[in-house]
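For reference, the structure is listed below as structure tokens.
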Amino acid sequence: MRFLARPAPASAMLVLLLLLACNERRTDCRDCGTVVVAATGEPSSLVPPLVFETVGRDIGDQVFERLANLGSGSSPLETSAYRPGLAQGWERIDSLGWRFHLRPAARWHDGQPVTADDVVFSFDAFADSTLDAPARSYLAGRVRSVAEDSATVRITFMEPSPEQLYDATYHVRIFPRHVWAAIPRDQWAADTTVAHLVGSGPYRVLNWKRGQFLTLIADSAGTRRERPAIRRAVWRFAPDPDAALNLVLGHEADLMEAVGAPNRVQRVLADTSLQVESYPAAVYGFLAFRLADAAGRPHPVLHDREIRRALTEAVDRPTLARAVFGEGTKVPPGPMSQLLWIWDDSTRVLGFDSAAARRVLTRGRPLTLDILVPATSPTRRQLALAIQEAWRKAGVNATVTIVEFPVFQERLAKGRFDSYIGAYLDEPSPRSLADQWSRSGWGVLNYGRYGNPVFDSLLERARRQSDVAIARRQWREAMDTLNADAPAIFLYALANKAAVQRRLENVKLDPYSWLSGLPEWRIDPKMALARDSVR
């Protein structure tokens with residue numbers, strides 16, 4: 001597209017994109033839809049093993065396919081919950097192996113056929129230490145893939161596990177061997193060639209103006225369906241959430257994944273052309289205590305379980321969660337988002353009891369504790385200040401320290417904090433809780449160095465259970481133990497509030513990949529025509 005070579009304001013570029021999209025109009029504007037997404041940040045890469053950011057995942061999910069897709073809200077243990085992706089079917093061979101049959105006539109966007117060799121190549125890349133994909137620890141040395149013929153792949157695991165089908169499908173997006181095999185893997189991260197971003201999904205990459213926008217265009221060559229009604233999807237990259245929200249409120253974008261605080265939601269609702277779609281998010285937030293430092297020396301105050309429990313009881317978590325995040329946000333029964341299938345309202349948790357907390361926290365010499373937060377998150381700062389006040393009322397001299405994010409990460413790694421406000425993004429499996437809260441997570445994500453052999457044993461037992469009902473009970477028992485120890489105050493499990501232009505129809509948001517339903521969306525032709533005439 002010639003205009004990309006000429007300097008122009010981002011808004012002018014967007015108008016040109018919309019005009020080009022509507023050149024495709026026939027008798028119904030449903031055939032010429034363009035959707036613009038306001039995104040906070042920009043992906044560093046779209047090569048599947050190198051995608052770390054959620055924005056990159058959102059874009060990549062339209063371009064690259066998994067072998068199969070887990071139904072939203074389902075447990076990874078439920079083999080019936082998986083739907084065909086690049087594979088049209090699969091079967092278990094034995095306790096260690098699965099066989100996948102690729103979709104007939106599946107093709108890459110450049111017209112080349114998709115083969116089993118592409119699948120084997122993709123699995124190898126995701127396990128490669130040079131690329132160091134986020135899922136490498138689940139694949140390297142644990143999974144082996146072999147092409148049985150051009151359309152059949154056998155995936156073998158090194159040991160039995162109830163989540164084999166999940167590991168064979170969720171982590172790995174399949175991408176073309178014929179494009180990437182000849183390029184040294186240590187050069188993949190620096191490769192900015194759009195022509196190399198070839199997938200088999202419903203959309204292909206048309207262009208990428210770094211720092212400004214990326215455009216996808218519908219492509220039905222490699223899919224089983226007709227070309228999507230939304231013919232183009234444009235991601236506008238904003239430097240921060242405020243700038244992204246302004247794109248939506250200025251009618252320069254149609255969508256924003258998470259609007260944020262209640263006052264921001266009200267700004268969206270004040271615009272009659274916009275609506276707010278609420279859906280559970282894969283995020284939970286917490287205040288974690290440091291029980292020991294990096295050298296293993298116990299914290300002089302927080303090693304005491306009774307003190308941690310009292311600090312937890314001093315905080316009115318339901319009121320705090322609603323005040324900061326609005327309706328729909330819940331206090332989790334442990335370290336989990338609303339989406340995680342192990343959520344159980346019967347889990348035992350410590351309630352709000354300010355009087356009991358004060359009795360414990362004021363019976364000795366006055367306590368002094370600090371809360372560490374990153375400067376990049378106003379929300380974490382707001383939470384920290386509210387907890388500081390709650391602890392002050394309970395007799396604790398609490399301070400809040402705000403540092404830049406690299407310093408924040410460094411201090412966590414070195415154990416230089418009393419407590420910190422953190423947040424984690426769930427995947428559908430709860431097994432990452434081991435990295436976050438078990439002894440095996442020391443030096444990984446368990447910065448507070450909590451360790452309880454009983455909890456670790458319960459965690460391992462639940463992880464190996466294949467029966468969903470029994471596994472739920474075992475996960476709840478593990479959470480009961482964790483909550484009783486109070487290594488952290490589990491503060492909130494988010495419900496996202498997405499801003500959506502009313503001209504969009506059939507919008508369904510998948511919490512684990514909010515834009516994955518884009519190929520099924522449509523545009524109200526009357527509202528689309530009105531918008532086009534304004535532009």
Side-chain angles (χ1 to χ4, degrees), residues 43 45-51 56-70 82-90 98-126 131 133 135 139 145 147-155 168-183 188 191 193-208 214-233 235 510 512-513 515-521:
S45 175
L46 288 181
V47 184
L50 299 177
V51 173
R57 176 209 63 192
D58 295 339
I59 298 170
D61 280 353
Q62 304 299 329
V63 179
F64 304 99
E65 295 183 275
R66 297 179 172 101
L67 288 174
N69 299 295
L70 177 64
Y82 292 81
R83 301 291 178 262
L86 189 55
Q88 66 169 357
W90 50 87
W98 293 78
R99 180 177 289 112
F100 291 85
H101 306 278
L102 302 186
R103 191 169 65 240
R107 292 190 172 274
W108 298 109
H109 295 149
D110 61 6
Q112 295 292 318
V114 179
T115 71
D117 286 338
D118 294 309
V119 178
V120 173
F121 175 79
S122 298
F123 269 81
D124 180 70
F126 270 84
L131 301 174
L139 302 171
S145 57
E148 294 188 340
D149 59 43
S150 63
T152 309
V153 180
R154 177 173 180 151
I155 296 179
T169 58
Y170 185 79
H171 306 292
V172 179
R173 274 73 166 177
I174 311 303
F175 61 110
R177 182 180 186 278
H178 70 273
V179 173
W180 290 99
I183 304 172
W188 286 13
D191 193 313
T193 308
V194 169
H196 289 168
L197 299 175
V198 176
S200 60
Y203 291 87
R204 60 180 172 84
V205 180
L206 178 65
N207 50 47
W208 187 351
L214 178 144
T215 307
L216 301 184
I217 188 168
D219 190 306
S220 59
T223 67
R224 296 161 294 168
R225 60 177 74 88
E226 295 181 1
R227 190 160 54 147
I230 303 296
R231 293 298 175 85
R232 294 174 190 252
W235 271 259
D510 182 336
Y512 279 114
S513 180
L515 289 174
S516 61
L518 181 64
E520 311 303 324
W521 298 6

Quiz item: How about L518 and Y203: do any of their side-chain heavy atoms sit closer than 4.5 Å?
Solution: yes
Exercise. Quick one: closest heavy-atom pair of G85 and N69, and the distance?
Key: CA-ND2, 3.8 Å
Quiz item: In chain order, what residues pass the side-chain contact (heavy atoms from CB on, under 4.5 Å) check against D117, with sequence neighbours excluded?
Solution: T115, A147, R177
Quiz item: With a 4.5 Å limit on heavy-atom distance, are the side chains of D118 and L86 in contact?
Solution: no
Quiz item: Who pairs with D124 by salt bridge (charged side-chain N to carboxylate O under 4.0 Å, His left out), at least two apart in sequence or on another chain?
Solution: R185
Quiz item: Considering only heavy atoms from C-beta outward, does the side chain of R103 approach that of P84 to under 4.5 Å?
Solution: no
Exercise. State which residues pass side-chain hydrogen bond (donor to acceptor under 3.5 Å, both in side chains) with H171; sequence neighbours excluded, sorted by chain then number.
Key: D167, R431
Exercise. Mind checking side-chain contact (heavy atoms from CB on, under 4.5 Å) for V63 and listing every partner two or more places apart, or none if nothing turns up?
Key: H109, V205, L216
Self-check item: salt bridge (charged side-chain N to carboxylate O under 4.0 Å, His left out) partners of R57, counting only residues at least two apart
Solution: none
Exercise. Would you please name every residue forming a side-chain hydrogen bond (donor to acceptor under 3.5 Å, both in side chains) with T152, sequence neighbours left out?
Key: D149
Quiz item: If you measure from CG on L197 to CH2 on W208, what distance do you get to the nearest 0.5 Å?
Solution: 7.0 Å
Quiz item: Looking only at heavy atoms, what is the nearest atom pair of S200 and V114, with distance?
Solution: CB-CG2, 4.2 Å
Quiz item: Excluding sequence neighbours, so at least two apart, what forms side-chain contact (heavy atoms from CB on, under 4.5 Å) with D191?
Solution: W180, I183, T193, H196
Quiz item: Looking at R227, R204, R231, which one forms a salt bridge (charged side-chain N to carboxylate O under 4.0 Å, His left out) with D219?
Solution: R204
Quiz prompt | Set of residues satisfying side-chain hydrogen bond (donor to acceptor under 3.5 Å, both in side chains) with respect to W98, sequence neighbours excluded | solution = Q164
Exercise. Identify the two heavy atoms, one from G56 and one from V51, that lie closest to each other, and give their separation to 0.1 Å.
Key: C-CG1, 3.5 Å
Quiz item: So which heavy atom on I59 is nearest to which on P43, and how close?
Solution: CD1-CG, 4.2 Å
Quiz prompt | CZ-CZ distance between R83 and R66, expressed to the nearest 0.5 angstrom | solution = 14.5 Å
Practice problem: Using modelled atom types only, decide if a donor and an acceptor are shared between the side chain of Q62 and the backbone of L515 within a distance under 3.5 Å. | Solution: yes
Practice problem: Quick one: do W188 and F175 satisfy ring pair (Phe, Tyr, Trp, His ring centres under 6.0 Å)? Show the steps, please. | Solution: CA-CA 13 Å; W188 286 13; F175 61 110; 5.8 Å; yes
Exercise. Answer yes or no: is there a side-chain heavy-atom contact under 4.5 Å between N207 and V194?
Key: no
Quiz prompt | Heavy-atom closest pair, residues A218 and P228 | solution = CB-CD, 3.6 Å
Practice problem: Using salt bridge (charged side-chain N to carboxylate O under 4.0 Å, His left out) as the criterion, list what pairs up with D61, not counting sequence neighbours. | Solution: R173
Quiz prompt | For R154, all residues meeting salt bridge (charged side-chain N to carboxylate O under 4.0 Å, His left out), sequence neighbours excluded | solution = D94
Exercise. Please name all residues satisfying ring pair (Phe, Tyr, Trp, His ring centres under 6.0 Å) with Y170, sequence neighbours left out, ordered by chain then number.
Key: Y166
Self-check item: Residue list, side-chain contact (heavy atoms from CB on, under 4.5 Å) with T169, at least two apart or on another chain
Solution: L67, A68, Y82, F100, L165
Exercise. Measure across G60 and L46 and return the closest heavy-atom pair with its distance rounded to 0.1 Å.
Key: N-CD2, 4.5 Å
